[in-house]
Amino acid sequence: MNPDSIPLAGIALALGSAAVLAVGNLFQARGVRDLDTRAAGLDSGPAALKLVRDRIWLIGSLLLGVAILLQMGALAFAPLMVVQPLGIAALVFTVLITAIAAKTMPSRAVIRAIVICVLGVAAFVTVAALVSTQHAVTDVQLVAILVVLASVLVATGVLWYAARHRRVPPVLWVLLGGIYSAFVASLGKTVILRVQAALKSGPLQWDVENLLTIGCIVGIGVAGGLSIYFVQKAHAANRPDVVVAGLTVVDPAVAVLIGVTIFGEASTAPVWAMFALAAAGAVAIGGVFALARAESPSS
């Protein structure tokens with residue numbers, strides 16, 4: 001039995017999530033920067049404790065929690081490959097909010113880059129909403145995504161060990177934050193679909209299928225914790241717009257890849273739609289890079 005899909009409701013909730021995410025990231029970035037002026041790094045216990053006690057950072061964390069709830073609601077109504085690309089709207093909101101707070105108009109280059117992002121994402125989501133489908137998640141698919149997550153965890157551990165005595169490029173924290181954020185959305189989508197299917201079929205039972213769902217929930221906790229940690233590291237070493245730009249590229253890219261390869265959300269899409277999705281995605285990503293160049297100090 002395939003779950004119901006209401007793309008417009010999912011799109012509306014996803015845009016709301018992006019707006020809240022933008023504000024939350026700005027608050028968290030300010031909190032981390034304030035801490036960084038008083039403490040050496042985020043890995044020590046005292047520094048982490050000060051961060052947790054920071055009111056600005058806590059407000060940002062609360063807003064991010066609201067953004068996650070809205071995103072999970074969006075995933076209940078629309079396929080993953082429709083919802084996740086809309087996260088790029090958070091980048092647009094971040095730039096606009098920053099400009100309003102600074103009481104300065106964005107440059108023409110920034111406006112042009114934002115328009116490119118919006119057009120690319122709008123085209124991608126429109127095509128995806130027309131051709132993507134939701135399917136009940138099978139045990140094989142659930143095991144597959146958990147195996148992929150385990151592989152990423154091992155790779156992260158190896159990378160962490162290899163780089164423990166070396167200077168790590170700041171963008172690495174952005175990439176890792178985006179990768180694990182994508183797994184939170186993908187696993188969350190899995191849990192939502194399986195719970196919906198279970199409620200339609202009758203009362204929940206403690207069988208292998210539901211035990212796998214519990215394993216999926218544990219995976220959400222692990223991926224979510226690591227995503228939060230790496231995002232804070234990213235804020236300590238990058239500007240807020242760079243962090244949001246990276247997250248809104250990496251997260252949707254990984255999530256859409258999972259949605260297509262594991263969930264089969266594009267299994268019924270015609271060939272022309274796949275080319276259209278690839279072209280629209282390239283336009284959106286090009287807009288993000290254009291925005292990064294426009295926002296750089298040398299531009």
Side-chain angles (χ1 to χ4, degrees), residues 1-24 63-94 96-97 114-137 181-182 184-200 244 247-249 251-260 262-270 272-285 287-288:
M1 179 182 297
N2 291 344
D4 297 330
S5 179
I6 310 177
L8 289 179
I11 290 172
L13 287 171
L15 289 175
S17 174
V20 177
L21 176 66
V23 179
L63 290 173
L64 291 184
V66 173
I68 291 173
L69 291 177
L70 290 172
Q71 184 188 44
M72 292 299 107
L75 289 171
F77 290 107
L80 190 70
M81 62 185 295
V82 173
V83 171
Q84 288 307 106
L86 287 169
I88 292 183
L91 177 60
V92 178
F93 292 134
T94 298
L96 294 179
I97 293 171
I114 290 177
V115 171
I116 293 173
C117 285
V118 171
L119 291 177
V121 172
F124 187 99
V125 172
T126 299
V127 176
L130 292 173
V131 302
S132 60
T133 56
Q134 296 200 94
H135 305 282
V137 179
S181 177
V184 171
S186 302
L187 291 169
K189 179 68 174 180
T190 301
V191 172
I192 290 170
L193 292 179
R194 290 172 74 87
V195 169
Q196 286 177 340
L199 291 176
K200 289 182 179 180
V244 175
L247 291 177
T248 53
V249 171
D251 181 333
V254 175
V256 168
L257 183 62
I258 291 173
V260 172
I262 296 180
F263 294 160
E265 292 182 345
S267 58
T268 60
W272 69 264
M274 301 305 294
F275 282 106
L277 289 172
V283 170
I285 292 174
V288 171

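Between M72 and V184, the closest heavy-atom pair is CE-O, 4.3 Å. In terms of heavy atoms, A122 sits closest to T126 at O-OG1, 2.7 Å. The nearest pair of heavy atoms linking F124 to A280 is N-CB, 3.5 Å. In plain terms, the two heavy atoms of A128 and L277 that are nearest each other are N-CD2, 3.8 Å. Contact detail for A14 and L86: the closest heavy-atom pair is CB-CD1, 3.6 Å. Minimum heavy-atom separation, S17 to A67: OG-O, 2.7 Å.
Residues F263 and T190 form a side-chain contact, since some pair of their non-hydrogen atoms from C-beta on lies under 4.5 Å apart.
Note that CG of L69 and CG of L13 are 11.0 Å apart. Values are rounded to the nearest 0.5 Å. How far CG of L21 is from OG1 of T94: 7.0 Å, rounded to the nearest 0.5 Å.
In terms of the side chain to side chain contact (heavy atoms under 4.5 Å, CB included) criterion, residue partners of V260 (sequence neighbours excluded) are, by chain and number, M81, V256, A266. By the side chain to side chain contact (heavy atoms under 4.5 Å, CB included) test, A19 pairs with F93, sequence neighbours left out. Judged as a side chain to side chain contact (heavy atoms under 4.5 Å, CB included), and not counting sequence neighbours, the contacts of A255 are L80, Q84, A182, S186, D251.
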